Amino acid sequence: MIRNPILPGFYPDPSICRVEDDFYLVTSSFSYFPGVPIFHSKDLEQWEQIGHVLDRPEQLPLTHEMISAGIFAPTIRYHDGTFYMITTNMSMGVVNFVVTATDPAGPWSDMHIIQGADGIDPSLFWDDDGKCYYTGTTRFDDEAGSRQGIWCSEIDLATFELVGERHIIGTGAQVNAEAPEGPHLYKKDDYYYLMIAEGGTEHFHAVTISRSQSIFGEYENHQGNPILTHRHLGKGYPIWNVGHGDLVELQNGDWYMVCLGSRLSEGQHKLLGRETFLVPVVWEDGWPVVSKGTGKLEWSYPSPGLPSWQPVGHAVNDFKEPVVERFEEELGFEWNFLGTPREDFAKVDAGRLRLKLLKNALVPWEFDNTDGSVFSRISKIGKTKENISFVGRRQQHLDFQATVTVRFSPEENETAGIVVLQNDANQLRLEIAKGQEGNPVVRCILVISHCDQAGIQHFTEAQLGEVVAAPTQSEFTLQVKANGSRYSFSAGPAADEMQSVADEVDGSFLGSETAGGFVGVYIGMFASGNGQTKEKYADFETFIYEGFE
Ligand code: 6LW
């Protein structure tokens with residue numbers, strides 16, 4: 001059975017390709033490093049992460065400053081023995097580039113930057129004659145004024161250069177469609193199909209399609225558009241902002257679409273960001289019908305009937321057992337840094353994750369003095385390339401619990417702990433610090449952004465609770481539990497001696513509908529010298545993530 005979402009948690013803008021019996025799927029990763037997680041499946045039901053496409057600093061220059069910058073919507077394709085992943089790095093400006101590999105688990109090549117390719121959401125399409133075409137988004141002027149459209153150009157993949165004239169091939173199904181983006185071209189039965197996302201990546205998101213018998217158009221919009229959306233289901237429908245899809249044809253001629261959607265907590269909060277869903281597609285009269293019979297994303301679909309298969313490791317969508325990280329070897333694929341790690345601040349060493357106390361902290365700077373729009377915030381990036389000592393994983397369930405043991409003796413204003421992170425200006429931290437009486441304390445800190453009347457963002461920090469530890473205590477068990485958007489924090493010297501630090505905190509402000517941006521919540525471990533880098537580490541042991549719903 002297909003259980004949706006197939007990739008729970010923040011995995012937006014999915015793209016899929018098939019090579020014989022194997023399916024590969026990639027998603028956006030913004031300012032998290034490594035970037036572009038890549039998943040493998042043979043049955044479309046279980047998905048195993050096989051790596052990250054961008055796992056070397058030179059492939060992925062990022063800063064940590066603006067979490068929703070970095071890598072936007074990738075496309076994965078396979079042609080003639082080579083895998084291609086094409087995407088945009090917003091932290092380099094708007095730079096579109098391709099990396100290639102013969103093994104999708106890596107290594108992937110260095111970046112091949114496509115000069116002259118403006119806009120976001122690049123995709124590649126090979127025609128029957130072997131020519132390859134680039135599609136992306138752009139602003140252009142016509143008699144209707146300045147607007148966004150989809151452009152297409154031939155590309156030479158020997159030199160990674162655009163060839164010949166570029167053509168505007170689509171502007172969306174709706175008149176003055178908001179944000180036509182995420183284009184992909186397909187060819188079926190003598191038609192080129194241009195499938196795009198439109199309506200913006202929020203409540204009005206949608207997948208629409210047009211077709212033409214010639215690659216540069218003119219494309220005829222489908223009368224049945226949008227072919228997938230949840231915008232007409234009203235607010236509060238449990239899966240929201242459905243759109244940005246990519247199609248795949250199975251070995252047996254069946255078709256499926258991967259797309260993004262968000263599960264809502266309490267009917268309105270998008271804490272998990274945008275997740276990856278899978279939906280069956282049939283073709284009728286030359287056009288795709290998505291989720292035939294209901295027309296909306298369902299929580300499950302019957303098995304596609306592919307040969308049975310067991311992943312080699314752990315399927316990323318299997319949470320029957322708690323996910324336990326013992327930090328015995330390298331960090332598992334679920335762990336990320338914020339920005340490109342340029343310093344050696346995280347060591348996995350004999351059952352411990354050692355995080356060095358760097359001078360930077362997860363302090364709110366991101367919203368300071370900018371308006372709320374992601375793009376105006378992106379324009380402010382580039383202040384610092386210094387790291388934050390942070391390692392985190394996605395919150396993948398509306399209800400979950402995470403527990404970790406930390407060895408740390410705080411001095412001066414040093415801190416270490418765990419954080420529920422949407423972005424620098426919207427977070428809940430459970431941190432060990434030196435208290436006013438000199439004892440170590442564990443305190444819960446809330447950081448929340450708000451907008452003033454002029455539309456400028458600010459933030460507030462507040463302490464929500466504190467427990468005081470014995471003067472010599474240096475081992476702490478920290479736990480965060482979520483029940484919908486209520487987060488509870490507890491701490492103690494051992495797992496069976498826990499005390500509440502802050503209970504049932506309203507974490508709804510961590511939803512992207514108010515916090516802004518394109519990411520979902522992470523649960524991270526951090527350490528900071530708060531102003532000073534120290535040759536000192538906080539040691540984290542046995543991180544247990546349990547997902548309930
Ligand atoms: C992405 C665009 C979108 O590039 O949001 O949902 C942007 N669609 O296609 C960031 O994910």
Side-chain angles (χ1 to χ4, degrees), residues 5 7 9-16 25-32 35-37 54 62 66-76 85-97 117-124 134-139 148-151 170-173 177-185 194-209 226-231 239-246 257-262 270 272-277 297 373-378 381 394 422-423 512-513 515-520:
L7 301 181
F10 149 64
Y11 289 111
D13 310 319
S15 173
I16 189 167
L25 201 169
V26 294
T27 71
S28 300
S29 50
F30 301 93
S31 293
Y32 285 103
V36 187
L54 305 174
L62 299 167
M66 168 67 211
I67 298 181
S68 285
I71 296 295
F72 275 27
T75 297
I76 185 162
M85 191 287 295
I86 183 165
T87 188
T88 317
N89 185 337
M90 298 296 288
S91 298
M92 297 170 75
V94 185
V95 167
N96 289 297
F97 66 96
D118 63 321
I120 57 171
D121 298 358
S123 183
L124 297 175
Y134 178 109
T135 51
T137 63
T138 191
R139 281 211 84 77
Q148 193 170 311
I150 307 299
W151 66 276
T171 54
E178 167 80 14
E181 59 191 14
H184 295 298
L185 278 174
L194 172 65
M195 194 172 85
I196 69 164
E198 65 180 81
T201 193
E202 302 292 335
H203 186 48
F204 298 115
H205 212 26
V207 181
T208 65
I209 197 159
I227 55 171
L228 181 63
T229 186
H230 279 199
R231 63 188 174 202
I239 311 172
W240 215 2
N241 55 243
V242 171
H244 198 118
D246 192 12
M257 181 197 288
V258 286
C259 65
L260 68 78
S262 295
K270 291 193 287 181
L272 305 181
R274 299 166 302 157
E275 313 176 84
T276 293
F277 290 73
L297 283 188
S373 103
V374 168
F375 287 95
S376 102
R377 282 151 54 201
I378 285 177
I381 62 180
R394 290 157 175 82
Q422 157 64 235
N423 55 36
S512 57
E513 75 285 356
F518 295 131
V519 301

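We number each residue from 1, following the sequence as shown. Order of listing sets the numbers, starting from 1, for every ligand and every atom in it. Everything numeric here is computed off the predicted structure, so don't read it as measured data.
Not a single N or O atom of Ser28, backbone or side chain, sits closer than 3.5 Å to an N or O atom of ligand 1.
Considering all non-hydrogen atoms of both residues, Gly119 and Val94 come closest at O-CG1, 3.3 Å. Between Leu260 and Pro12, the closest heavy-atom pair is CD2-CB, 4.2 Å. Arg231 approaches Pro226 most closely through the heavy-atom pair NH2-CG, 3.8 Å.
Per-residue contacts place Leu260 under 4.0 angstrom from the following atoms of ligand 1 (heavy atoms of the residue considered): 6 (O). For ligand 1, the atoms closer than 4.0 angstrom to any heavy atom of Ile120 are 4 (O). Per-residue contacts place Ala73 under 4.0 angstrom from the following atoms of ligand 1 (heavy atoms of the residue considered): 4 (O).
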What do the steps show when you test Ser15 against Asp246 for side-chain hydrogen bond (donor to acceptor under 3.5 Å, both in side chains), and what is the final call? CA-CA 5 Å; Ser15 173; Asp246 192 12; 2.8 Å; yes

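Contact check on Asp13 versus Arg274 returns a salt bridge, with a Lys/Arg side-chain nitrogen under 4.0 Å from an Asp/Glu carboxylate oxygen.
Relative ring orientation between Phe72 and Phe518 is described as perpendicular, the plane-to-plane angle rising above 60° on a 0-90° scale split at 30° and 60°.
For atom 6 (O) of ligand 1, the nearest non-hydrogen atom of the protein is Thr201 OG1, 2.8 Å. Scanning the protein for heavy atoms near atom 8 (N) of ligand 1, the closest one is Glu181 OE2, 3.0 Å. Among protein heavy atoms, atom 5 (O) of ligand 1 sits closest to Arg274 NH1, 3.4 Å. When only non-hydrogen protein atoms are considered, atom 11 (O) of ligand 1 lies nearest to Asp13 OD2, 2.5 Å.
For Ala179, the side chain to side chain contact (heavy atoms under 4.5 Å, CB included) partners are Glu181, not counting sequence neighbours.
The option with the heavy atom closest to atom 9 (O) of ligand 1, from among Asp121, Thr87, Ile71, Asn241, is Asp121.
The residue Thr88 has no part lying near ligand 1, judged by heavy-atom distances below 4.0 Å.
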